[in-house]
Each structure stands twice: as C-alpha cells, then as structure tokens.
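Worksheet: one structure, shown below.
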Protein chains: 2
Amino acid sequence: MEVVTVPDVMASTGYLLFKAGVLAQRGLDSVLTEMGLSYREFLVLAFTSAEELSQQDVARRLSTDPTLIVNTVDALEARGVLERTRDPRDRRRYVLVVTAEGRKLLAKTAKLAAAAEGEFLAPLDDDECRQLGCLLRTVLTPKLSWLAEAETDVDVEAGTGTNARANG
Amino acid sequence: MEVVTVPDVMASTGYLLFKAGVLAQRGLDSVLTEMGLSYREFLVLAFTSAEELSQQDVARRLSTDPTLIVNTVDALEARGVLERTRDPRDRRRYVLVVTAEGRKLLAKTAKLAAAAEGEFLAPLDDDECRQLGCLLRTVLTPKLSWLAEAETDVDVEAGTGTNARANG
DNA sequence: TATTGTTATACTCTATAACTATA
DNA sequence: TATAGTTATAGAGTATAACAATA
C-alpha cells in the first residue's frame, strides 16, 4: 500500500466512461473466452442470426475490413455454427446462415453475457440501472443512428464515415 | 440506406456502455493526435505530474508491462517534456520529472480533453451529466479502489490482480 | 538473491495490395 | 469495368525472456 494523488484527468466523467467500457468489455471477454469465441466471431454470429448477410454486408455492419471477415467465417464454419451458401441470384456472394447449433451457442453466450452485465452493474439498483441505460441512450442516439429505433427495423448508413476501426 | 434488424445484444446496457467508452476514447484520441501524444504518453505524463514515480511505479499504475514504459519515456524525454533523474537513495531507479514545458503541454491537453468530453456529453443537460457521473462512480468504486476517495490522497494497491492488459 | 531499467525476439492483430470468379 | 471473396505480405503493438547495473 502506498499513497498516491489521483490526477484530475482520472476523475473526469469521460475517463470514467472509458474505464467502465473497458471493464464491461473485460467481463464480456471472459464470457467469450469461456465459450471459445472471439469478440468478432460473436458479433458476426449476432448479426447473421438477425438477417441474411454476405461477408461484405457483415464487414460494413462492423465498420471493418472485409478481409478480416474471411478468417472469422472460416473459424465459425469449421465449428459448425455458421455456413456459407452461394446466393443463386449473384454467385459471387456467400449468404451466411447460422446453423441450429450456432443459434444454441449464440443463445447461451447471450445469456452468459447478460449475467456478466448484471454482475458488472450490481452496485446499482433496478431504478438506477434504467437511469444509466436511459442516459447512455440519450448520449449515443445522435451518434448511432440505428439506436433511435432500437429493437425494431431501422435505417442505417453503410459506413460511419469516421475512422473505420475494428471495434463493434 | 438499407434496413436492418438490430440484434438484442446491441441494445443492452453493457453494450451501450462499451460503445460509449469506445466513442469517448475516440474523441480523446483525436485530441491526443492533435497534440502529438499517444494515449500511453498522456497517461504517463498525467501520473508523473501528480507525484514522483519511477518507471516501475508508472507501469504498476497503468497495469502494464514495465518494458512498454521505456519507449514511452524515451519519446517524452526526446520531446523535452519529461526527464529521467537518478534517485540518489537507490541508484537503480529513475525518478521521472515533468518539465515546465511538460506541464504546459499537459495543461493544454487536459483542457482540450475536457472540451472533447463536453462535446461528447452535449446531449445531456448539467443535471443529467452529474447523474451519469454519479452512476458511473457507483458502478466503478468497488472495482477501482482509488476512486473511493478521488481527488484526495488515497490508498491504492500496486497491482489489481486481474489480467494485466495495456489499458489505462 | 532480488530489483530497476534495458534490449531483443516472437507473436498477434491489422492494413494493404494483388489475385480469382462472377457480374 | 466493377464487385465478392480470397490470399499473401508488411507493419504496428504487445508479451516474453534474457541481460547489465545496483541493492
């Protein structure tokens, strides 16, 4: 044990938000490691379970490079949770289809992820939890167009225009 | 524009928290790029400005490997914002000292970072902003021991024990 | 013998360009 | 010619081990 002075920067809301994001992700990471999934594999599985997408579509959803999707789909396919099927109307495209086993894996992973989230937010009561979600939505809605109508069919632009980095 | 279904996972509080953290960090990143600082350089500067630390001390504060601090300090020293000074009581240690120029750089960077934070949180009014900060503190306090008495002298354990990754 | 700082090496992840097959 | 998918290569960032100087 030693005594330190906390720099002002570390006490700002922005830094706390960043730190909370990192720690929340760490909880998710441990769940994903447990399920043998990388973060990108998890996202690909989640997106392709919701609609019929090609690898290019997935790349656009994730704001990432299409070449990074190849290995990801390879791994998911080798595991038997995702399948490449040729689009008969455009034989260049693969339509990615989640298998029955893939849906089971995704359901179990999502359940564990929700549990990890609950554990992370444990210091808050139900009401505070809702408040936090509400505040985050207010902050993020102008930045993530799809959030405005979350959990329904919404418009989304293909690329965000900002620096396309490999984060979900 | 195309229509997509937002997977449930993407609407969870945990994911929003992660996403907010990523976007908040992106704002900070652009400030740091503008100032010619890496994120790690910024943190080293912030920590060493608050107290006298050796490179090992800094590594422990950042929960990162000491070998990564070497290049960081090299860069800061080459820029004239930080200096290595031998500790006369233990000639193995360097005590890292922020120069006058370094303090000016840090002050300017912190000011820009605060502005970026304000811009990021713009959708919230002052009261909501405080609420968010309060909720984040409640969530993080059990996880970050130093937060309990932020902005004062506090006890901190050297290592968090958790997986030591290279994040601030 | 343990610790501080340093260097060198290997490994992971990502970005870029080039290639094929379809349109 | 343009697009979907693939491959190969190079680069950045990180982790690991080994080393010299000091305690």
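On a predicted model such as this, the values are computed, not experimentally measured, just so you know. Throughout, a chain's letter reflects where its sequence line sits, starting with A, and its residues are numbered from 1.
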> Is it true that A:Phe18 and B:Phe120 have ring centroids separated by less than 6.0 Å?
Replying inline: no
> Just how far, in rounded Å, is C1' of C:dT6 from CZ of B:Arg93?
Replying inline: 17 Å
> Rounded to whole angstrom units, what separation is found between the CG atom of A:Leu68 and the P atom of D:dG5?
Replying inline: 14 Å
Identify each donor-acceptor pair in which a side-chain atom of residues 100-115 of chain B lies under 3.5 Å from a protein atom, sequence neighbours left out, and give them as a table.
{"from": "B:Thr109", "atom 1": "OG1", "to": "B:Leu105", "atom 2": "O", "distance (Å)": "2.7"}

> Which nucleotide in the set C:dT7, C:dT16, D:dT6 lies at the smallest distance from any side-chain heavy atom of B:Val70?
Replying inline: C:dT7
> More than 12 non-hydrogen atoms from neighbouring residues, nucleotides or ligands closer than 6.0 Å to CZ on A:Arg91, yes or no?
Replying inline: no
>> Whether the side chain of B:Arg79 engages the backbone of B:Gly36 through a donor-acceptor N/O pair (distance < 3.5 Å, no angle test) should be reported.
In response: yes
> Does the side chain of A:Gln56 come under 3.5 Å of the side chain of A:Arg93 through a donor N or O and an acceptor N or O?
Replying inline: no
> Taking CG from B:Asp65 and C1' from D:dA18, how many angstroms apart are they, rounded to a whole number?
Replying inline: 13 Å
> B:Ile69 has an atom CD1; how far is it from atom P of C:dT6, in whole Å?
Replying inline: 11 Å
Contacts under 3.5 Å, N or O only, protein and nucleotides 20-23 of chain D:
{"from": "D:dA23", "atom 1": "OP1", "to": "B:Arg91", "atom 2": "N", "distance (Å)": "2.9"}

>> With nearest nucleotide decided by heavy atoms, which residue, A:Thr67 or B:Asn71, maps closer to the 5′ end of DNA chain C?
In response: B:Asn71
>> Holding to side chain to side chain contact (heavy atoms under 4.5 Å, CB included), I want the full list of residues that pass it with B:Ser38, two or more places apart in sequence or in another chain.
In response: B:Arg40, B:Glu41
